[in-house]
Asks: 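Pasting in a structure now, in structure tokens, and then I'll have a few things to ask.
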Protein chains: 2
Amino acid sequence: MNNIGVLNVDAEAAAGWSAGLAPRAISGLTEAETAIFIAVRGAIVEQRLLPGTRLIEEELAAIYQASRMRIRRVLLALAHEGVIDLPPGRGATVACPTPDEARSVFQARRLIEVGMVEAQVGPIAPALAGVLRACCDAETEAGLVRDRARMIAASGRFHVELTRGLGNSVLVEIVSNLVGRSSLIIALFQRHPALCCRMDDHQRLLDALVAGRVKAAAGLMRAHLAAIEAGLDVAMTPTETSDLRFVLGRPDAG
Amino acid sequence: MNNIGVLNVDAEAAAGWSAGLAPRAISGLTEAETAIFIAVRGAIVEQRLLPGTRLIEEELAAIYQASRMRIRRVLLALAHEGVIDLPPGRGATVACPTPDEARSVFQARRLIEVGMVEAQVGPIAPALAGVLRACCDAETEAGLVRDRARMIAASGRFHVELTRGLGNSVLVEIVSNLVGRSSLIIALFQRHPALCCRMDDHQRLLDALVAGRVKAAAGLMRAHLAAIEAGLDVAMTPTETSDLRFVLGRPDAG
DNA sequence: AACCCCAATATTGTTCACAATCAACCTGAT
DNA sequence: ATCAGGTTGATTGTGAACAATATTGGGGTT
């Protein structure tokens with residue numbers, strides 16, 4: 001009952017959505033509902049809310065000062081997004097992906113993200129390089145301060161922005177979703193709770209892309225994703241969960 | 001007001017879901033809601049409900065004898081699935097994909113489906129070949145009878161089942177979604193309303209896969225998807241819509 | 001004839017109270 | 001000590017009524 005802070009709907013959370021979601025409105029949700037969606041999703045993806053944590057409708061309604069009905073719609077959208085489990089009649093919990101799902105998510109990412117890099121010809125556009133450079137910088141900076149949430153957000157943003165640059169809006173939807181679920185998988189199964197994966201993977205990938213070394217870039221992307229997956233121990237079954245209000249709460253909703 | 005028949009929740013509709021959806025329950029929906037979801041999605045994907053058609057909550061509630069609240073949840077799920085538009089306050093309509101979305105969907109399909117075939121080594125498993133053969137046969141049979149809906153369903157099932165065999169559950173989710181949206185795109189933009197794409201594309205692709213000619217198979221998949229996209233005229237703006245009750249109705253809900 | 005504005009209707013959005021269900025706990029027996 | 005059973009409280013599911021909003025059609029005007 002002391003998660004009041006993890007679920008802020010503000011600039012903090014805005015950095016969160018970049019970790020895995022396009023800025024446009026979520027289909028079928030109002031603007032207000034979308035804000036809640038983004039805040040909760042951000043907290044989950046940034047591992048401030050751990051897998052298995054229960055999400056009580058009334059608590060969320062109090063935190064966001066919204067009616068239960070709206071919370072319900074948001075929960076349904078989050079379930080479809082794959083970041084919460086929502087079995088009928090027994091409430092919502094932060095999703096606990098299965099080992100099988102973990103493998104499938106990373107296989108899909110290898111197929112899509114490596115393929116996208118391979119399809120590129122020549123160096124990437126300077127504008128895209130700038131965006132990606134900013135992501136790398138943000139990741140490095142967060143790492144120095146040991147800010148795990150910001151690191152995860154910046155790391156995810158790198159993959160999403162790369163997809164926006166090399167792919168299209170539909171691929172951004174897909175990769176955003178996969179990146180978010182990857183974060184859950186890492187939260188559940190990562191062997192050594194290091195702050196993150198090797199920090200310079202993105203940097204070296206970016207260098208190869210800027211230099212137009214497509215084959216090398218594709219290899220780096222494949223190795224990057226393989227390294228993350230290799231760091232998982234799918235036999236693990238952690239039990240720790242989070243305090244909802246502390247993680248999501250707003251100052252005034254204490 | 002005479003669509004009572006397009007929205008059946010029965011064997012007819014069951015063939016429909018195969019066109020684009022995994023059999024497992026939709027996350028966050030009850031069994032009953034899932035059945036409605038599958039029925040409506042099937043009607044849309046099989047082009048029995050044309051883009052732009054309005055979906056009135058009370059009409060759907062009457063057709064499926066469900067409360068408006070349940071219909072509402074189903075509509076939200078359909079919106080997230082991308083098969084309906086659901087702007088807040090102005091009701092649901094069968095989605096009208098934009099030309100940009102059309103291009104993006106097919107680019108994503110080329111990346112994923114061609115990549116999956118390329119990653120295959122050797123001939124595909126006999127069991128998978130059998131499933132795919134059945135899809136081809138169903139498609140051919142439906143073509144002889146000029147049953148457009150069944151053709152679309154069988155054609156979509158081919159792509160989904162191929163993904164199930166060569167990929168994994170996450171890729172099946174993704175490809176199912178893309179196949180469904182492709183059907184909407186074709187309904188909107190297809191230049192010559194031929195019954196479908198070249199009927200023997202799937203057959204030849206299957207032959208190459210069975211023979212273990214991976215490179216050839218990948219080329220056939222790429223050409224197949226490119227041919228469909230080439231047949232589109234994204235400048236078209238059709239206005240025809242469907243009668244909801246006629247398409248979705250049940251005999252007893254007349 | 002085309003356009004704009006306003007009223008009537010249809011449709012969606014919201015709230016409330018209550019029913020149904022599930023989880024936790026406590027009791028008691030083996 | 002462990003487990004079965006029942007009871008209590010918390011949480012979710014449901015329905016109906018009402019409010020807000022959008023669409024439709026008509027009438028008037030230019």
Side-chain angles (χ1 to χ4, degrees), chain A residues 1-3 7 25-37 40 49 51-80 84-96 239 241-245 248 253, chain B residues 1-3 7 25-37 40 49 52-80 84-96 239 241-245 248-249 253:
Chain A
M1 285 310 207
N2 57 331
N3 308 14
L7 291 180
I26 311 301
S27 37
L29 266 54
T30 68
E31 218 169 318
E33 288 165 348
T34 300
I36 301 175
F37 177 97
V40 177
L49 284 178
T53 301
R54 283 200 68 181
L55 301 172
I56 307 293
E57 294 180 1
E58 281 184 14
E59 287 190 43
L60 291 171
I63 290 171
Y64 295 113
Q65 297 176 336
S67 67
R68 245 185 74 203
M69 190 199 71
R70 284 199 158 160
I71 296 298
R72 229 140 199 287
R73 289 172 67 86
V74 171
L75 289 178
L76 190 56
L78 288 167
H80 206 133
I84 71 171
D85 290 330
L86 191 58
R90 58 186 68 172
T93 58
V94 177
C96 292
T239 59
T241 62
S242 316
D243 184 329
L244 186 64
R245 286 225 267 269
L248 295 185
Chain B
M1 288 309 207
N2 56 329
N3 308 11
L7 292 180
I26 311 303
S27 37
L29 266 55
T30 67
E31 217 169 319
E33 288 165 348
T34 300
I36 300 175
F37 177 97
V40 176
L49 285 177
T53 301
R54 284 200 68 181
L55 300 172
I56 308 293
E57 295 179 0
E58 282 185 14
E59 287 189 43
L60 291 171
I63 291 172
Y64 295 113
Q65 297 178 333
S67 68
R68 244 186 75 205
M69 193 200 70
R70 284 197 157 162
I71 297 298
R72 228 140 200 288
R73 291 174 64 86
V74 171
L75 289 178
L76 189 56
L78 289 167
H80 206 130
I84 71 171
D85 291 329
L86 192 57
R90 58 184 69 171
T93 57
V94 177
C96 292
T239 58
T241 61
S242 316
D243 184 329
L244 186 63
R245 286 225 267 271
L248 296 185

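All heavy atoms count here, side chains included; hydrogens, waters and symmetry mates do not. Proteins get letters first, then strands, A, B, ... in listed order; numbering begins at 1 in each.
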Asks: Provide, to the nearest angstrom, the distance between the CD atom belonging to A/Glu58 and the P atom belonging to C/dC16.
Replies: 12 Å
Asks: How close or far is atom P of D/dA22 from atom CG of B/Leu86, stated in whole angstroms?
Replies: 14 Å
Asks: Once side chain to side chain contact (heavy atoms under 4.5 Å, CB included) is applied, do any residues pair with A/Pro88, and if so which ones, sequence neighbours excluded?
Replies: B/Thr30
Asks: Nearest-Å distance, CD (B/Glu57) to C1' (D/dT21)?
Replies: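 It works out to 13 Å between those atoms.
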Asks: Are any of the side-chain heavy atoms of B/Val40 and B/Tyr64 separated by less than 4.5 Å?
Replies: yes
Asks: Sequence neighbours excluded, which residues qualify as side chain to side chain contact (heavy atoms under 4.5 Å, CB included) partners of B/Ser67?
Replies: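 If we apply the side chain to side chain contact (heavy atoms under 4.5 Å, CB included) test to B/Ser67, skipping adjacent residues, the hits are B/Met69, B/Arg70.
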Asks: Working to the nearest 0.5 angstrom, can you tell me the gap between A/Ile36 CD1 and A/Ile71 CD1?
Replies: 4.5 Å
Asks: If you round to the nearest 0.5 Å, how far is CG of B/Leu55 from CG of B/Leu49?
Replies: 6.5 Å
Asks: Name every residue in residues 67-77 of chain A that has at least one heavy atom under 4.0 Å from any atom of DNA chain D, in order of residue number, or write none if there are no such residues.
Replies: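 A/Arg68, A/Arg72 - these, ordered by number, are the residues of the stretch whose heavy atoms sit under 4.0 Å from the strand.
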Asks: Angle, rounded to 10°, between the helical axes spanning five pairs at each terminus of the helix from C/dA1-D/dT30 to C/dT30-D/dA1?
Replies: 30°
Asks: Checking B/Ala79 now: which residues fulfil side chain to side chain contact (heavy atoms under 4.5 Å, CB included) with it, not counting sequence neighbours?
Replies: A/Ser27, B/Ile84, B/Leu86
Asks: Do A/Leu29 and B/Leu76 have side chains that get closer than 4.5 Å, going by heavy atoms?
Replies: yes
Asks: Go through C/dC22, D/dT12, C/dT11 for me and flag the one nearest to the A/Arg90 side chain.
Replies: C/dC22
Asks: Grab the CD-P distance between A/Glu59 and D/dA10 for me, whole Å please.
Replies: 12 Å
Asks: Which sits closer to the 5' end of DNA chain C, A/Pro88 or B/Pro87, going by the nucleotide each is nearest to?
Replies: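 Closer to the 5' end of DNA chain C: B/Pro87.
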Asks: Run the side-chain hydrogen bond (donor to acceptor under 3.5 Å, both in side chains) test against B/Arg68 and tell me which residues pass, sequence neighbours left out.
Replies: B/Glu57
